[in-house]
S.K.: 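Pasting a structure here, questions to come.
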Amino acid sequence: MLKASCAVIETERLYLREMTENDFEALNKVLSDPEIMLYYPCEFDEEKVKNWIQRNIERYRIFGFGLWAVCLKETNEMIGDCGLTMQFINGQIKPEIGYHIRADKQRKGYAKEAASAVRDWTFSNTPFNIVYSYMKYTNEASARTAISYGCRQVDEFEDDVNGITKVFAVSRGSLL
């Protein structure tokens with residue numbers, strides 16, 4: 001199994017760290033928000049949020065990465081999650097950068113800043129040469145975020161969950 005390590009990823013305004021059970025309240029504000037979860041099959045209830053945290057704690061143990069807590073340096077406030085996970089995308093398991101930012105902190109560049117840091121961390125700490133982001137075809141904000149950190153659309157396919165899913169990717173070589 002692939003192992004990497006990440007104590008903390010820092011950017012100009014943010015730091016990303018491993019989630020803990022103490023992050024429940026902050027993450028619940030994000031994942032239970034119907035607007036943020038509009039492109040998921042449903043918003044999360046408390047049990048799903050707890051499972052989300054536990055799943056990421058397990059990912060850290062197995063892979064050395066997962067979705068990390070996105071925190072503001074200025075206040076230490078957790079405003080969402082962003083990180084690297086292994087996802088089933090159009091029939092293949094691929095490394096994917098995912099992100100969720102609390103509604104009142106959106107449109108401030110935090111998702112781009114966090115996703116760019118995760119992209120750079122991935123290319124420095126894993127053997128992956130390409131990372132992906134995928135989303136429901138109507139999720140224009142997520143697509144714009146993917147493009148903002150260097151991705152371009154590489155695939156589109158029909159599925160039972162999203163109807164149509166768009167796939168974006170950026171390669172290690174395209175950043176040179």
Side-chain angles (χ1 to χ4, degrees), residues 2 4 6 9-17 19 27 30-31 33-44 52 55-56 59 63 65-72 78-176:
L2 177 67
C6 176
I9 298 174
E10 289 191 40
T11 69
E12 182 181 335
R13 302 178 295 166
L14 306 171
Y15 64 92
L16 283 66
R17 60 161 175 78
M19 283 184 217
L27 193 59
V30 178
L31 299 179
D33 184 321
E35 290 297 314
I36 293 172
M37 301 307 282
L38 180 64
Y39 303 104
Y40 273 68
C42 63
E43 63 264 16
F44 284 21
W52 189 264
R55 192 165 48 246
N56 282 292
R59 286 172 173 151
F63 299 112
F65 56 78
L67 291 171
W68 294 302
V70 175
C71 304
L72 296 174
M78 180 187 180
I79 62 166
D81 64 11
C82 182
L84 183 69
T85 60
M86 301 305 296
Q87 296 292 326
F88 195 67
I89 303 173
N90 201 11
Q92 295 183 322
I93 296 175
K94 298 180 177 184
E96 195 247 356
I97 295 176
Y99 33 84
H100 303 93
I101 301 295
R102 198 174 69 211
D104 66 320
K105 299 297 182 184
Q106 292 181 356
R107 289 176 284 292
K108 298 178 188 318
Y110 293 131
K112 174 188 177 182
E113 191 172 328
S116 295
V118 170
R119 175 204 63 207
D120 294 348
W121 181 91
T122 299
F123 291 149
S124 295
N125 294 280
T126 74
F128 301 128
N129 290 315
I130 301 173
V131 290
Y132 300 84
S133 283
Y134 74 112
M135 70 276 315
K136 186 173 185 166
Y137 74 101
T138 54
N139 191 342
E140 293 177 16
S142 190
R144 281 192 305 273
T145 297
I147 291 166
S148 77
Y149 74 85
C151 290
R152 62 180 180 81
Q153 188 173 341
V154 296
D155 196 8
E156 185 173 288
F157 62 94
E158 290 187 33
D159 66 41
D160 294 337
V161 176
N162 291 326
I164 298 172
T165 294
K166 289 186 176 185
V167 182
F168 292 79
V170 60
S171 67
R172 184 185 306 259
S174 68
L175 296 173
L176 302 175

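Position 1 is the first residue of the sequence, and the numbers go up from there.
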S.K.: Assess whether atom OH of Tyr137 is packed by more than 12 heavy atoms of other residues, nucleotides or ligands within 6.0 Å.
M.R.: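 No, the 6.0 Å shell around OH holds no more than 12 heavy atoms from other groups.
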S.K.: Start with the C-alpha gap between Trp121 and Leu84, add the side-chain angles, then the distance that decides, and say whether side chain to side chain contact (heavy atoms under 4.5 Å, CB included) holds.
M.R.: CA-CA 9 Å; Trp121 181 91; Leu84 183 69; 4.2 Å; yes
S.K.: Tell me if a side-chain donor or acceptor on Glu35 pairs with a main-chain N or O of Ala103 at a distance below 3.5 Å.
M.R.: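 Here the side-chain-to-backbone pair does not exist.
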S.K.: Check Gln106 against Ile101 and note the closest heavy-atom contact, atom names and distance.
M.R.: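 That closest heavy-atom pairing would be NE2-O, 2.8 Å.
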S.K.: Spell out, as yes or no, whether a donor-acceptor pair under 3.5 Å connects the side chain of Arg119 to the backbone of Val170.
M.R.: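 Answer holds: no.
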S.K.: Do Trp68 and Arg17 touch side chain to side chain, with heavy atoms closer than 4.5 Å?
M.R.: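 They are not in side-chain contact.
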S.K.: Would you say the side-chain atoms of Tyr134 and Gln87 include a donor-acceptor pair closer than 3.5 Å?
M.R.: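 Yes.
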S.K.: Looking at side-chain heavy atoms only, is the closest gap between Leu31 and Ile36 below 4.5 Å?
M.R.: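 With C-beta onward as the side chain, the pair stays apart.
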S.K.: Would you mind reporting whether Phe157 and Ile89 have side-chain heavy atoms less than 4.5 Å apart?
M.R.: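 They are in contact (side-chain heavy atoms under 4.5 Å apart), so the answer is yes.
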S.K.: How close do Ser142 and Tyr99 get, counting heavy atoms only, and between which atoms?
M.R.: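 For Ser142 versus Tyr99, the nearest heavy atoms are O-OH, 2.9 Å.
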S.K.: Can you see which heavy atom on Val118 is nearest to which on Cys82, and at what distance?
M.R.: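 For Val118 versus Cys82, the nearest heavy atoms are CG2-SG, 3.8 Å.
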S.K.: Would Val30 and Asp81 count as a side chain to side chain contact (heavy atoms under 4.5 Å, CB included) if you check the C-alpha gap in whole Å, the side-chain angles of each, and the deciding distance to 0.1 Å?
M.R.: CA-CA 9 Å; Val30 178; Asp81 64 11; 5.7 Å; no
S.K.: Go through the structure and list residues passing ring pair (Phe, Tyr, Trp, His ring centres under 6.0 Å) with Tyr40, not counting sequence neighbours.
M.R.: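 By the ring pair (Phe, Tyr, Trp, His ring centres under 6.0 Å) rule, Tyr40 matches His100.
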S.K.: Within the side chain of Ser133, is there an N or O that forms a donor-acceptor pair under 3.5 Å with the backbone of Phe168?
M.R.: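 No.
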S.K.: Is the closest side-chain heavy-atom distance between Ser171 and Asn129 below 4.5 Å?
M.R.: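 A side-chain contact is absent here, since even the closest heavy-atom pair is not under 4.5 Å.
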S.K.: According to the salt bridge (charged side-chain N to carboxylate O under 4.0 Å, His left out) rule, which pairs have a member within residues 90-104, sequence neighbours left out?
M.R.: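 Qualifying pairs: Glu77-Arg102, Arg102-Asp104.
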S.K.: Can you check whether Pro95 reaches Phe65 side chain to side chain, under 4.5 Å on heavy atoms?
M.R.: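 A side-chain contact is absent here, since even the closest heavy-atom pair is not under 4.5 Å.
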S.K.: Calculate, to the nearest 0.5 Å, the distance between atoms NZ and CZ belonging to Lys112 and Arg144 respectively.
M.R.: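 Between atom NZ of Lys112 and atom CZ of Arg144 there are 13.0 Å.
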S.K.: Roughly how far, to the nearest 0.5 Å, is CD1 of Ile147 from CD of Gln153?
M.R.: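 So the CD of Gln153 and the CD1 of Ile147 are separated by 8.0 Å.
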S.K.: Which heavy atom of Phe44 sits nearest to which heavy atom of Met37, and what is that distance?
M.R.: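 What the structure gives for the nearest pair is CE1-CE, 3.4 Å.
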S.K.: Should the heavy atoms of other residues, nucleotides or ligands under 6.0 Å from CD of Glu156 be counted, would the total exceed 12?
M.R.: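 Atom CD in Glu156 is crowded, with more than 12 foreign heavy atoms closer than 6.0 Å.
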S.K.: State, yes or no, whether a side-chain contact exists between Leu67 and Trp52 at a heavy-atom distance under 4.5 Å.
M.R.: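 A side-chain contact exists here, since the closest heavy-atom pair is under 4.5 Å.
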S.K.: To the nearest 0.5 Å, tell me how far Thr85 OG1 sits from Asn56 CG.
M.R.: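 These two atoms lie 7.5 Å from each other.
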S.K.: My understanding is that only residues two or more places apart in sequence, or in another chain, count here; which of them pass side-chain hydrogen bond (donor to acceptor under 3.5 Å, both in side chains) with Asp160?
M.R.: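 Result, side-chain hydrogen bond (donor to acceptor under 3.5 Å, both in side chains) vs Asp160: none returned.
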S.K.: CD1 of Ile9 to CG of Leu14: how many Å apart, nearest 0.5 Å?
M.R.: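 Output value for this atom pair is 10.5 Å.
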S.K.: Taking atom CG of Leu16 and atom CE of Met78, what is their separation to the nearest 0.5 Å?
M.R.: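 Going from the CG atom of Leu16 to the CE atom of Met78 covers 9.5 Å.
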S.K.: Is any side-chain heavy atom of Val70 less than 4.5 Å from a side-chain heavy atom of Glu113?
M.R.: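 They are not in contact (no side-chain heavy atoms under 4.5 Å apart), so the answer is no.
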S.K.: Within a strict 4.5 Å, meaning less than it, do heavy atoms of the Leu72 and Ile79 side chains meet?
M.R.: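 Yes, close enough: below the 4.5 Å cut-off.
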S.K.: To the nearest 0.5 Å, what is the distance between OG1 on Thr145 and CE on Met135?
M.R.: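 Here the rounded value is 8.0 Å.
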S.K.: Is it true that, when you exclude Arg55 itself, more than 12 heavy atoms of the residues, nucleotides or ligands shown sit nearer than 6.0 Å to its CZ?
M.R.: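 Enclosed.
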